[in-house]
Each structure stands twice: as C-alpha cells, then as structure tokens.
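Comments concern the structure below.
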Amino acid sequence: MRASKYLITTKKESPADAEIISHQLMLRAGMIRKVASGLYSWMPLGLRVFRKVETIVREEMDRSGALELMMPVVQPADLWEESGRWSQFGPELLRLNDRHDRDFCLGPTHEEVITDIIRSEISSYKQLPANFYQIQTKFRDERRPRFGVMRTREFCMKDAYSFHSNAESLQETYQLMYQTYSTIFDRTGLDYRAVLADTGSIGGSLSHEFHVLADSGEDAIVFSTESDYAANIEKASSLVLDKKKEAADVKTEITTPDVHTIGELCKFLSLTADKTIKTLIISTEDSGKDKLVALALRGDHQLNELKVKNILGINGDLCLASEEEIKKALNCHPGSIGPIDLNLPLIVDSSAACVSNFVCGANKDGYHFKNVSWDRDCGELSISDIRNVVSGDFSPDGKGKLEIKRGIEVGHIFQLGTKYSEAMKATVLDENGKEQFMSMGCYGIGVSRIVAAAIEQNHDDNGIIWPEAIAPFQTVIVPINMHKSEHVRAVCENLYLSLMDAGVDTLFMDEPKARLGVMLADVELIGVPHRIVIGERGLQDGIIEYRHRRASENVDIKLNEIVDFIKNIAKR
RNA sequence: CGGGGCGUAGCGCAGCCUGGUAGCGCACUACACUGGGGGUGUAGUGGUCGCAGGUUCAAAUCCUGCCGUCCCGACCA
C-alpha cells in the first residue's frame, strides 16, 4: 500500500477520554473513531488488523471442521420467550419493535436462532455431531461501555454452537475447540492462558475462558505455581487445611466505641485481620420474599459474590442489606454484627471456620466479643467456600500455591448440555428410533477485543508493537529525501514492487516531501514490525537500513539481499 | 442504577469566579526557507461556545431544566 493513496490519520495527542493504553493508541494511530458511547467505526488501518485476526479465527475454525453460516443481528422475541431468556435477560438485551409493533431484540448471542435452525434441519443422530459458527456483530447494551474497543456495546464475535447425540460426543468437540482456540491464540502471537470459568448467564456445566495476560485486564485469574490448575477468581477455590484448634479461652464482651470496620477493630485491639470475623448481611430479594442471610468471613478475606449466588440459587445481583434492614432485624448497626446468637441463616466461609479465639461483633452497637470459638459459641454451622482466594493459598489439587494475575477475556468455551435443546425441543432420533434432546456446546471469541488486548500486551512509549501475524502491514519502506533523489525513488519503487510480489504486506511512505521524523514517528505509532529506511547516503555503499520495531539499533543490509531477508523474517 | 467530572475549531486546552470584539497549541491551505528523528517564517481556512428556557441594555460567562460524554462504584459489618 502506498501511503499517498491511503488514509493515515495519526495524532500527537490522545483524546482526553481515553483511559487505557490500547484505547489511546488505537485513537492516536487512527485505527478506530468513536461514533457514540460504546460504538466505534473501524478505520482502514484498524480494519486491516481486525481482518487478520478474523482470518486466523476463520482458518482454524474451518480446519476444525466447523461450518460457517451467518444469522441475523435482529432476532424475534418469540425465540427468546421459548428459551426463557426474554424475561431472564436484563437491560443488557436491547429490545425493539418493528412497524407492526412486534417485539425483537438485537442479538447478544445466538443460541436461540441456531437451536431453532438445527431443530428443523437435523433430525437424525447420524447427522451429528455438527458444529456451526459465524463471525458477526453482537449487541449488548452494557451498563458501562469503556476502554475503547475492549468493552463496547456493539462488537464482533466469532460464536460457534455444536450439537451432539450424547455427552461423550460433546466432550470430544469441547476438547477439539479447546485445542482449536489454543492454536488460534498461538497464531496471534499473544501471551494467553486457558482457565476454568463460571458458566454465567449462558448456563451449562463445564467452561473455560481464554485470557490474554495484561496488567490492565478486567479479570483476576489464578494459577498454581506447581500444577496446571488455572481458574478465574470467580471460580477458583483453594485447599483449606484444618488448623490445629487452639484451646478456647474465655469469651469476653469488650467495649469498642466508634469501631465500625475491621480496620478500626484491628487498630483498636492491635491485632491482625485474620484473627477477626466479619459478618455481612445480604438481602436475597431475588428469591421471592425479602429474606436476609448472614455471611461470615475472615476479616482479611473478600466475599466471592458468585459462590454465594450459586449456593443460594440466586440469579440476579447480590445486594448487601441496607442499614435500615439490618437495624430492623438485629437492632444494631452494620459495624457491630457478629455470628453469635444471630437470628438469621448463617453461612460461614470454610477458612473463617478454621479460626479460633477470634474477635467479632456482639450484635450490639459499641461492643465486640473476643476469644470466640465456633464450636462452643455458635452451635451448628453451615460451612462453604464463599471467599475469593488470595495469593499464597494452597492450590485445590494440593500441588503448589496460588498466584494471581490480570487477564483480558478473549475466548470462552461452554458445555451447555441440554439447556436450550430442552427449552426449545430440539431433538433427534437415536439408534433405537427414540427421540432425544441434543447436547450442545458453545464457543466464543471476541475478535475486536483481541485487537485491543494485543496492544495492551505489546506497546512502548512510541506506540504499538504488533505481533507479526496481526500487524496491519508487515513491512514499511521509509525513503529519505525522495523528492531530491531519483536514485532513492527508483530503489524504493523497485523494492516496494518486489516485496508486494513476494507476498509481503508492505507500506510505502511515498509522500515525496514528507519529513523523515514525522514518517518515523507515524510508523512507530502504527507499529509496523519491520522498517526499511532508504537514503542516498547508504545507497552509495549499496546499503539500506533495517530495524525491527522492538530493536533500538539499525542493521545494515545489502540492497540486493533485502527482499530475501524480509521474506525470511516476515514469513507467516 | 448511584456518586463525581467534563461539554468552547478536526484534536488538546485557556477564557467563565468578577457578563461587554471568542483565544492559544497541534492539524489543515498557500508560499518561501530547511532537509537523516514530530523544523522555521509569512499569510490564511475553520467556532450555532452541547440543547432549550430564564435573568440582563448585553450571556461562552449568572440561574433552571434537558442531552451527551468520561471516570469511580459491595469489599464496609
């Protein structure tokens, strides 16, 4: 591509509302432009990267045997009512009416449509297993779109859906997709991990997420130092070792004026938070009547909302009881609650249950108990894992300790089982001529998000550093004073044509009067991996300058060797 | 959804408190110089000051409402 025929709209300053580095660089490099909150246009330069990612995904999906199709963005409400998700989905689902006032939604995902297709097209177990995918626009009316293309309302996703006549077959395809995803992310050249995940609102049983590692990632992911255990923190558990029970000291009520938080309590009594128990009261409004439930955690641990929701079978958001509700139920303020003689259902975290002689609230404003023992003071306990693991916990498989890193979720695979096929009556006849619900799997990859994640992981002060496989251009030719030297011009032209002939994606900075400094700054911002600078000075010795985007020094290459050199290092 | 910030030229910002000719930098156009890392000069182009009301002789500036946009949001018991 010739720069003179292309649109390169770089900026020195980044827009004020861009917070994370990938968003800033994508705007500065002219890859994307915002249309409205959570809605972006892909400029030609950005689209090139987008397409490269898309191509890798498509090639590997095809290789896996999945069949590409395309379903509509706008979907009828009927299908969603059949699956039960019309009422289950919150405001994330953008609903709209057509001119006949019929209900539709913009598809955030396509389980309903694909299940509808398959139930009418496939009727025999002999046609299974089958796997269908599309690469297409999705819409989710995010509560808060942010981070540029990382969390938008409209985004592009590859979604695949597999159908099976039995669980083993689903297992096989799931494994195949796991492999395929690994190949896809290997090919993008990104540093990623697959982790165990929760199935969330899509439902189903087993699930893995694929995360690109980056400090700015929205998710915390947990690894064992010694085994291959890896999980999202929402899902991660740890091995709780029963501590030797200390002999119970005498329980004492102590006055704790103006102590409302664990922090204040620790300071007041000069002890560490792991010797305290905090008691949270949640209101489970979701389960019909307004019921309060108490949760006991070690003072230094954090509640894992998801684990509690799974235990209590709550679908919606978990919310903490208000001060009034607590006052009404317990006659004290939130800062003084404890597990003793609590007139509420209580769930004790398994780590909290190992603490003895702890300090906790006395359910009386201004008072706490010390030397509390679960066995003696709290009666029968309901114990569950309801906290987030922390760095240094034991891996649940007993091998190694847990370590926590940040990740950007770019892929997610699920075993759905028969959730949708049952709801939508998608059946086949088995070997015995009996009707059976198909088992399903679904598999997503965020195409647009991968582009942003790649930048989060690969950039420096001067701009983006694209991995070879997804760079908008593999190579760039930068001439020096081309308008003054016919020789430089001719060499650049020749080289450009030779590289294009050799199948190397090349950008030729052919604006005759462009200044060198400006061109170099642009080219670094855009992140082209391989740079060739050609000037009269070097040409006199038959030499041109090569530099990789990550390198800090030029390498002199003989003019007649450059095409082979580039072909060699830029090969796919 | 709750809390906060911000809307002035394509982008980044000042002006607003204390009402009176709408400014600066980048970008853009033309010309000249310069020519191996965002160069210099001269002359230009470009703005319903988010929208709607109100106060006033006079509103970017003061008041009210709306819209847009960005950031933060159990972690405290």
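Per chain, numbering begins at 1; letters A, B, ... match sequence-line order. Scope of the values below: all heavy atoms of this structure, side chains included, with no hydrogens, waters or symmetry mates.
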Compute the centroid of each ring, for A/H530 and then for A/H548, and state whether the two points are separated by less than 6.0 Å.
yes

Could you tell me whether A/W466 and A/F473 have their ring centroids closer than 6.0 angstrom?
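That pair fails the under 6.0 Å test.
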
What integer number of Å spans the [atom1] atoms of [N] and [M]?
{"N": "B/C1", "M": "B/U18", "atom1": "C1'", "answer": "39 Å"}
{"N": "B/C49", "M": "B/C62", "atom1": "P", "answer": "15 Å"}
{"N": "B/U21", "M": "B/U61", "atom1": "C1'", "answer": "15 Å"}
{"N": "B/G4", "M": "B/G65", "atom1": "P", "answer": "14 Å"}
{"N": "B/A27", "M": "B/C63", "atom1": "C1'", "answer": "38 Å"}
{"N": "B/C6", "M": "B/G44", "atom1": "P", "answer": "36 Å"}
{"N": "B/G39", "M": "B/C17", "atom1": "C1'", "answer": "40 Å"}
{"N": "B/G12", "M": "B/G38", "atom1": "C1'", "answer": "16 Å"}

Under 4.0 Å between a side-chain N or O of [X] and OP1 or OP2 of [N]?
{"X": "A/R143", "N": "B/G2", "value": "no"}
{"X": "A/K12", "N": "B/G25", "value": "no"}
{"X": "A/S37", "N": "B/C70", "value": "yes"}

Candidate nucleotides [options], ranked by approach to the side chain of [X] - the nearest:
{"X": "A/I480", "options": "B/G38, B/G36, B/G35", "result": "B/G36"}
{"X": "A/R146", "options": "B/G37, B/C72, B/U34", "result": "B/C72"}
{"X": "A/K34", "options": "B/C76, B/G37, B/U69", "result": "B/U69"}
{"X": "A/D17", "options": "B/C11, B/C70, B/A74", "result": "B/C70"}
{"X": "A/A16", "options": "B/G12, B/C75, B/C26", "result": "B/G12"}
{"X": "A/R144", "options": "B/C75, B/G38, B/G73", "result": "B/G73"}
{"X": "A/L516", "options": "B/G38, B/G37, B/U69", "result": "B/G37"}
{"X": "A/K278", "options": "B/C75, B/C11, B/G37", "result": "B/C75"}

State, without any angle test, whether [X] and [Y] hold a side-chain donor-acceptor pair at a distance under 3.5 Å.
{"X": "A/T272", "Y": "A/D274", "result": "yes"}
{"X": "A/T10", "Y": "A/D522", "result": "yes"}
{"X": "A/R387", "Y": "A/N304", "result": "no"}

Using a cut-off of 4.0 Å on non-hydrogen atoms, how would the nucleic acid contact of [X] be classed: base, sugar-phosphate, or nothing?
{"X": "A/S14", "value": "sugar-phosphate"}
{"X": "A/R151", "value": "nothing"}
{"X": "A/G535", "value": "base"}
{"X": "A/R387", "value": "nothing"}
{"X": "A/G538", "value": "base"}
{"X": "A/L27", "value": "nothing"}
{"X": "A/N388", "value": "nothing"}
{"X": "A/H483", "value": "base"}

Is [X] salt-bridged to [Y], going by a charged N under 4.0 Å from an acidic O?
{"X": "A/R95", "Y": "A/D103", "value": "no"}
{"X": "A/R549", "Y": "A/D460", "value": "yes"}
{"X": "A/E218", "Y": "A/R151", "value": "yes"}

Tell me the partner of [N], counting only Watson-Crick (N1-N3 plus N6-O4 or O6-N4) or G-U wobble (N1-O2 and O6-N3) with both under 3.5 Å; none if nothing fits.
{"N": "B/A58", "result": "none"}
{"N": "B/C49", "result": "none"}
{"N": "B/C6", "result": "B/G68"}
{"N": "B/C11", "result": "B/G25"}
{"N": "B/C31", "result": "B/G41"}

Provide, to the nearest angstrom, the distance between the [atom1] atom belonging to [X] and the [atom2] atom belonging to [N].
{"X": "A/E13", "N": "B/C28", "atom1": "CD", "atom2": "C1'", "result": "15 Å"}
{"X": "A/R549", "N": "B/G37", "atom1": "CZ", "atom2": "C1'", "result": "13 Å"}
{"X": "A/H23", "N": "B/C71", "atom1": "NE2", "atom2": "C1'", "result": "13 Å"}
{"X": "A/K513", "N": "B/C28", "atom1": "NZ", "atom2": "C1'", "result": "17 Å"}
{"X": "A/Y40", "N": "B/C70", "atom1": "OH", "atom2": "C1'", "result": "10 Å"}

Decide yes or no, distance alone: a donor-acceptor N/O pair under 3.5 angstrom between the base of [N] and the side-chain of [X].
{"X": "A/E524", "N": "B/G37", "value": "yes"}
{"X": "A/K11", "N": "B/G12", "value": "no"}
{"X": "A/N481", "N": "B/G36", "value": "no"}
{"X": "A/E536", "N": "B/G36", "value": "no"}
{"X": "A/R537", "N": "B/G35", "value": "no"}
{"X": "A/R515", "N": "B/G39", "value": "yes"}

Is the cationic atom of A/K405 (NZ for Lys, CZ for Arg) positioned less than 6.0 Å from the six-membered ring centroid of A/F223 and within 45 degrees of its normal?
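Checked: cation-pi criterion met.
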
